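Single-structure report; data block below.
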Amino acid sequence: MSQGQSREWELTCPLVSDEIEKLAAGDLVYLSGPVYTARDGVYQHMLFDGNEPPIDLRGLTNVSLQSSPAGVEVSPGEFEVASLQATAGFRYAQYMPQLLEQFGVKAVVGKAGMSEQVYQEVFRKHGAVCLTTLGYGLGAIYGRAIKKVLGVYWVKELGISEALWTFEVDRLGPLLVEGDVHGNSFFTQVNDDINRQLSALYDGLKAPVYGRIGEEQKPETELF
């Protein structure tokens, strides 16, 4: 771990409570070990429709990725993944209470996180964290962390992109701690600072060329 405001952590899945509690909003994390994917299809099929997963998810790991892997079946039962891109996390806030409670998930990996209210009311209650991937176009880099596809389930029911994938990963990251176990949101903490400085970026700019189709020059409409 490096010293400073933003720390880096190398963690092994399944995660243990002592390690999770040390993570603070703004830290960076690299994960190694077993993980599984779950997004719209899996959440609906498993949580709302009540279908039991075909494997023991609690026994496998407590880390879940909100991702649709770019994977293919290269031979019967053998899969390869070229890219691992996370999906916008706010879409899945409704599923978090049941996912964390029923399957003991302690870390959810998505894109851009959720609201601080969800962290305060759900993640803090279960001692869980929300991690986010960084930037766009990094799916191939995150995909390199996959050392083995352990299994792919519910392909017939959900399709290969929405299926339940299980991986063995090695240093999956960097992942930003967006929401920590205390309910703090990194983005909420920094957005006020960004917004205070945003108006200065407009100084000296000319009027938009295509203002007739809706472009405008008002910093208050771009507040984070």
Side-chain angles (χ1 to χ4, degrees), residues 11-17 19-20 29-111 114 118 122-123 125-133 139-140 142-173 175:
L11 302 181
T12 301
C13 309
L15 304 178
V16 297
S17 296
E19 294 176 332
I20 301 171
V29 173
Y30 294 84
L31 299 175
S32 297
V35 299
Y36 66 89
T37 69
R39 37 178 279 164
D40 304 80
V42 169
Y43 286 146
Q44 179 67 39
H45 194 64
M46 181 172 73
L47 301 177
F48 282 13
D49 296 343
N51 292 287
E52 286 294 322
I55 58 171
D56 179 12
L57 292 182
R58 269 185 173 269
L60 175 69
T61 189
N62 53 15
V63 178
S64 181
L65 313 180
Q66 294 168 341
S67 175
S68 176
V72 295
E73 188 171 16
V74 293
S75 62
E78 182 179 350
F79 296 83
E80 291 183 357
V81 176
S83 176
L84 189 66
Q85 185 67 56
T87 310
F90 73 89
R91 296 168 45 189
Y92 306 123
Q94 62 178 319
Y95 301 105
M96 293 302 99
Q98 190 174 351
L99 179 71
L100 302 189
E101 173 72 29
Q102 188 171 342
F103 292 97
V105 171
K106 295 298 183 182
V108 174
V109 181
K111 181 174 68 176
M114 304 179 194
V118 174
V122 181
F123 281 74
K125 175 183 177 181
H126 295 284
V129 296
C130 183
L131 310 178
T132 176
T133 54
Y142 288 115
R144 294 174 190 167
I146 299 175
K147 298 307 171 186
K148 184 178 181 180
V149 178
L150 301 176
V152 186
Y153 308 94
W154 288 335
V155 176
K156 291 183 179 179
E157 295 86 347
L158 306 176
I160 194 167
S161 64
E162 289 284 347
L164 171 67
W165 293 70
T166 56
F167 302 130
E168 184 76 25
V169 299
D170 180 31
R171 297 194 81 245
L172 176 64
L175 304 169

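In this text, all values refer to a predicted model and were calculated from it rather than measured experimentally.
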Closest heavy-atom pair and its distance - [X], [Y]:
X	Y	value
L60	T166	CD2-CG2, 3.7 Å
S161	R39	O-CD, 4.5 Å
M46	L57	SD-CD1, 3.8 Å
L47	Q102	CD2-OE1, 4.2 Å
L131	A107	CD1-CB, 4.5 Å
E73	G77	OE2-N, 2.7 Å

Main chain of [Y], side chain of [X]: is a donor-acceptor contact present, judged purely on distance under 3.5 Å?
X	Y	answer
N62	L15	yes
S67	Q85	yes
T37	L65	no
T61	P34	yes

Taking salt bridge (charged side-chain N to carboxylate O under 4.0 Å, His left out) as the cut-off, I'd like each qualifying pair that reaches into residues 41-69, sequence neighbours left out, listed once.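 Those involving residues 41-69 do not exist here.
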Out of Y153, F167, W165, which one pairs with F79 under the ring-ring contact (aromatic ring centres under 6.0 Å, His included) rule?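 Single pass found, and it is W165.
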Have D40 and Y92 got a donor and an acceptor in their side chains that come within less than 3.5 Å?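 Yes.
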To the nearest 0.5 Å, what is the distance between [atom1] on [X] and [atom2] on [Y]?
X	Y	atom1	atom2	answer
D170	I146	CG	CD1	11.5 Å
K125	E101	NZ	CD	6.0 Å
K111	Q66	NZ	CD	11.0 Å
M96	S64	CE	OG	7.0 Å
M114	Q94	CE	CD	10.5 Å

Check ring-ring contact (aromatic ring centres under 6.0 Å, His included) between F103 and all other residues, then give those that pass, not counting sequence neighbours.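 Applying ring-ring contact (aromatic ring centres under 6.0 Å, His included) to F103 gives none.
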May I ask you to test the H45-L164 pair for a side-chain heavy-atom distance under 4.5 Å? no
Would you say that Q44 contacts Y95 through its side chain, given a criterion of any heavy-atom pair below 4.5 Å between the two side chains? yes
Only one of V63, T132, V129, L100 passes side-chain contact (heavy atoms from CB on, under 4.5 Å) with V108; say which it is.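 Answer to the side-chain contact (heavy atoms from CB on, under 4.5 Å) test with V108 among V63, T132, V129, L100: L100.
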